[in-house]
There are 2 protein chains.
Amino acid sequence: MTRREPRSACPIATTLDMVGDRWTMVIMRDLICGKKRFSQFLASPERITTNVLTDRLAAMEEDGLVIRRSYQERPKRYEYVLTEKGEALLPVLQDICRWANRYMPDTWTPPDHFMRKRTGGGDASS
Amino acid sequence: MTRREPRSACPIATTLDMVGDRWTMVIMRDLICGKKRFSQFLASPERITTNVLTDRLAAMEEDGLVIRRSYQERPKRYEYVLTEKGEALLPVLQDICRWANRYMPDTWTPPDHFMRKRTGGGDASS
DNA sequence: CGGGATCCTAGTGGATACTG
DNA sequence: CAGTATCCACTAGGATCCCG
């Protein structure tokens, strides 16, 4: 498993040191619509390999972004779900989509229910 | 100079293929408050090296995220500024800051004028 | 099905010295 | 000042095969 140490106390640099690698945010995208299994990630169009997927999921679990549930079945089954901390990154993903749809015309427009979705703890200030 | 080809037509994956490396968003952070010179980036706490900085700035210029202005002086002087396309990523940086300040307590709180700043073309729909 | 074990590449980053 | 030019190290990421 591979994680990065924060380079500074800057919120942007620190966040990027956690989720700013080549795959973490793509995995989170797959998890927005709910739980997913190992083989379902592999089916995404970006074609992540088993090796990297294992590595990223383990790091994300340790960082508290996802939870891995195991079921006692035959053959064994696992499911990955976003934690609240992970879900709270949804606005970032939505902003990225808006930006891409404006400046990179060859990208899909995400489904409406994704762009309208709201995460639980908006801003608890005051 | 190093750029990545998009892995898919997904807006998230495509955007990450452009700005999702270890340095691009950190450089953009430095540019939010206005123009910067080469040596000013080097002074940031994350300690980027000249080699990597040159590489990233060139890629960002080719991607239309920054403009490099040169002045005919002695010694020669250059300035880097965000384009409108680059500035439009500001909401992403702000969301990242909000997220970090909530879930990664050891990070700074950015100055208020940064979090309140708005980019020109909000959403021109309807 | 959900990985682990291996081995390998190439992208990323770093140190140092030099130049227009 | 603002880079180039080398050379080098590390590791994220990939290919392939194997296993409980």
Please classify the nucleic acid contact of [X] as base, sugar-phosphate, or nothing, using heavy-atom distances under 4.0 Å.
| X | value |
| --- | --- |
| B:Tyr80 | sugar-phosphate |
| B:Asp21 | nothing |
| B:Thr50 | base |

Original post:
Which nucleotide in the set C:dT12, D:dG3, C:dG3 lies at the smallest distance from any side-chain heavy atom of A:Thr54?
Top reply: C:dG3
**OP:** Could you please name the option among D:dG3, C:dT12, C:dG3 that lies closest to any side-chain atom of B:Phe38?
**Re:** D:dG3
Subject >> Main-chain N/O of A:Ala59 paired with A:Glu62 side-chain donor or acceptor, under 3.5 Å >> reply: no
Original post:
If only atom types and distance count, is the side chain of B:Thr107 paired as donor or acceptor with the main-chain N or O of A:Cys10 below 3.5 Å?
Top reply: no
Original post:
Any side-chain N or O of B:Trp23 less than 4.0 Å from the OP1 or OP2 oxygen of C:dG13?
Top reply: yes
Subject >> For B:Arg22, all residues meeting side-chain contact (heavy atoms from CB on, under 4.5 Å), sequence neighbours excluded >> reply: A:Arg4, A:Arg7, A:Asp17
Original post:
Does B:Asn51 get its side chain close enough to the base of D:dT6, under 3.5 Å, for a donor-acceptor pair?
Top reply: yes
Subject >> Axis bend over the full length of the helix from C:dC1-D:dG20 to C:dG20-D:dC1, computed from five pairs that close each end, to 10 degrees >> reply: 60°
**OP:** Quick one: closest heavy-atom pair of B:Thr109 and B:Asn101, and the distance?
**Re:** CA-OD1, 3.6 Å
